[in-house]
Amino acid sequence: MSALALLSAVLVGCGGGTADTAAPVRPAASASEAAPSASASAGAAPGPATVRKAPPTLAPGPGGLTPVFERAPKGGEKVVALTFDADMTADQGARAAGGERFDNPQLIQTLRRLKVDSTVFMTGRWAEEYPDQARSIGNDPRFEIANHSYSHHAFASPCYGLPAVERTAMAADVQRAFDAFRDAGARNVVPYFRFPGGCYDDAALRALAPAKVTAVQWDVVSGDAFAKDGHAVARQVLDGVKPGSLVVMHCTRSAAPVTEQAVRTIVPELRARGYRFVKVSELMALKSTA
């Protein structure tokens with residue numbers, strides 16, 4: 001992927017705080033914990049617990065490095081994962097208070113209406129700013145929430161002008177995001193992590209190894225960041241998708257204002273081509289069985 005193509009996927013200007021010390025990262029416990037049966041009626045004797053199947057992860061790389069997933073094996077069935085980065089950081093709180101919208105509820109509503117399973121890579125700060133939305137997304141079987149860091153600082157430098165997280169603080173930054181999802185009440189949280197800006201190196205993969213997360217990249221850049229032509233975004237996605245593709249888009253209205261419009265074109269066209277929409281966890285399951 002060219003630097004220019006990757007740059008189009010990055011929402012530059014995101015920043016935020018980091019912790020000073022690293023801590024083992026674990027997703028919110030509800031990602032795989034047993035939950036009461038939703039069908040149990042009030043006052044009835046509790047029925048058997050519904051055990052959620054743990055989402056798949058990839059085995060560590062050489063030397064125990066955090067594994068990286070980009071797409072399902074080529075030549076497989078016609079499935080595609082649409083993923084949406086929900087970016088916001090602490091230093092954007094004043095802008096949110098002033099009326100700038102870092103969420104995109106219309107996009108989520110459209111994904112529900114079109115019955116599109118998808119994965120939202122959320123920063124912890126976004127979950128703190130929009131806890132009701134984070135909880136709604138994270139409790140809807142249509143979606144899963146993955147980790148996009150707390151601060152949206154870079155995990156490798158240089159990275160399109162993003163400030164860098166200290167290596168000793170990387171794991172704590174990721175854990176802080178998982179904690180924010182839990183505090184918001186989100187339950188469908190998966191142990192996947194997307195590097196801000198897509199920037200990483202072996203040192204970052206080593207720093208995240210105790211987290212036992214799988215890093216998730218992409219093979220199709222939508223170009224929706226700062227775009228003003230939804231049809232152009234849709235065309236770029238439609239031209240790039242192959243069986244097993246993983247598409248990066250954004251769920252940040254102020255910085256990606258035409259994403260919802262593009263999705264309304266992308267979804268019916270890909271379905272007409274025979275594609276089925278899946279979450280990253282399902283796409284990764286295909287990788288693990290290949």
Side-chain angles (χ1 to χ4, degrees), residues 9 26-35 38 50-61 66-86 107-108 110-122 134 136-148 178 181 186-195 198 211-222 237-238 240-251 259 263 266-290:
R26 58 175 179 80
S30 56
S32 59
E33 69 181 359
T50 300
V51 179
R52 296 182 181 180
K53 186 177 180 181
T57 55
L58 300 186
T66 297
V68 180
F69 177 69
E70 292 184 351
R71 54 162 296 130
K74 295 181 180 179
E77 63 176 301
K78 283 190 169 183
V79 294
V80 59
L82 299 184
T83 69
F84 300 89
D85 291 357
L107 169 63
I108 298 300
T110 294
L111 293 169
R112 284 173 169 144
R113 178 177 59 82
L114 296 176
K115 297 181 170 59
V116 177
D117 287 358
S118 52
T119 303
V120 178
F121 283 84
M122 190 178 292
S136 176
I137 294 168
N139 291 335
D140 186 337
R142 185 69 63 192
F143 302 106
E144 61 189 11
I145 291 177
N147 195 312
H148 195 33
F178 279 128
F181 307 154
R187 300 181 62 201
N188 300 331
V189 178
V190 289
Y192 307 149
F193 174 74
R194 173 166 287 163
F195 288 100
K212 301 189 185 304
V213 294
T214 295
V216 176
Q217 296 289 91
W218 55 82
D219 69 307
V220 177
V221 174
S222 69
V237 171
L238 293 170
V241 165
K242 303 291 187 295
S245 278
L246 202 158
V247 183
V248 59
M249 306 185 81
H250 292 86
C251 183
T259 304
V263 164
I266 292 166
V267 170
E269 176 61 28
L270 286 179
R271 281 184 171 146
R273 297 180 188 181
Y275 279 89
R276 178 169 61 90
F277 295 95
V278 298
K279 304 169 192 172
V280 169
S281 57
E282 187 172 349
L283 202 67
M284 199 176 298
L286 297 176
K287 170 74 171 182
S288 63
T289 58

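We number each residue from 1, following the sequence as shown.
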- Item | Shortest non-hydrogen separation from Leu238 to Arg273 and the atoms involved | O-NH1, 3.0 Å
- Message: Hydrogens and angles aside, do Arg112 and Ser136 bring a side-chain donor and acceptor to less than 3.5 Å of each other?
- Response: yes
- Message: Are Tyr192 and Asn147 packed together at the side-chain level, in the sense that at least one heavy-atom pair is separated by less than 4.5 angstrom?
- Response: no
- State whether the side chain of Arg71 and the backbone N or O of Asp219 hold a donor-acceptor pair below 3.5 Å, judged by distance alone. no
- Query: Are Phe178 and Val213 side-chain neighbours, meaning at least one heavy-atom pair lies under 4.5 Å?
  - Reply: yes
- Would you mind reporting whether His148 and Met122 have side-chain heavy atoms less than 4.5 Å apart? no
- Task: Spell out, as yes or no, whether a donor-acceptor pair under 3.5 Å connects the side chain of Thr119 to the backbone of Lys279.
- Result: no
- Item | Asp85 and Val248, any side-chain heavy atoms less than 4.5 Å apart | yes
- Query: Short question: side chain of Arg194, backbone of Ala146 - any donor-acceptor pair under 3.5 Å?
  - Reply: no
- Is any side-chain heavy atom of Ser245 less than 4.5 Å from a side-chain heavy atom of Trp218? no
- Message: A side-chain contact here means heavy atoms from C-beta on lying under 4.5 Å apart; do Val80 and Val247 qualify?
- Response: yes
- Task: Kindly indicate, with the supporting measurements, whether the criterion salt bridge (Lys or Arg N to Asp or Glu O under 4.0 Å) is fulfilled by Glu144 and Arg187.
- Result: CA-CA 9 Å; Glu144 61 189 11; Arg187 300 181 62 201; over 6 Å; no
- Query: Looking only at heavy atoms, which two atoms of Pro60 and Pro67 are closest? And how far apart?
  - Reply: CA-CD, 4.0 Å
- Compare all side-chain heavy atoms of Ser118 with those of Phe143 and state whether any distance is below 4.5 angstrom. yes
- Message: Please find the pair of heavy atoms, one from Arg276 and one from Glu282, that lie closest to each other, and give the distance.
- Response: NH1-OE2, 2.7 Å
- Do the non-hydrogen side-chain atoms of Phe193 and Val216 ever get within less than 4.5 Å of each other? no
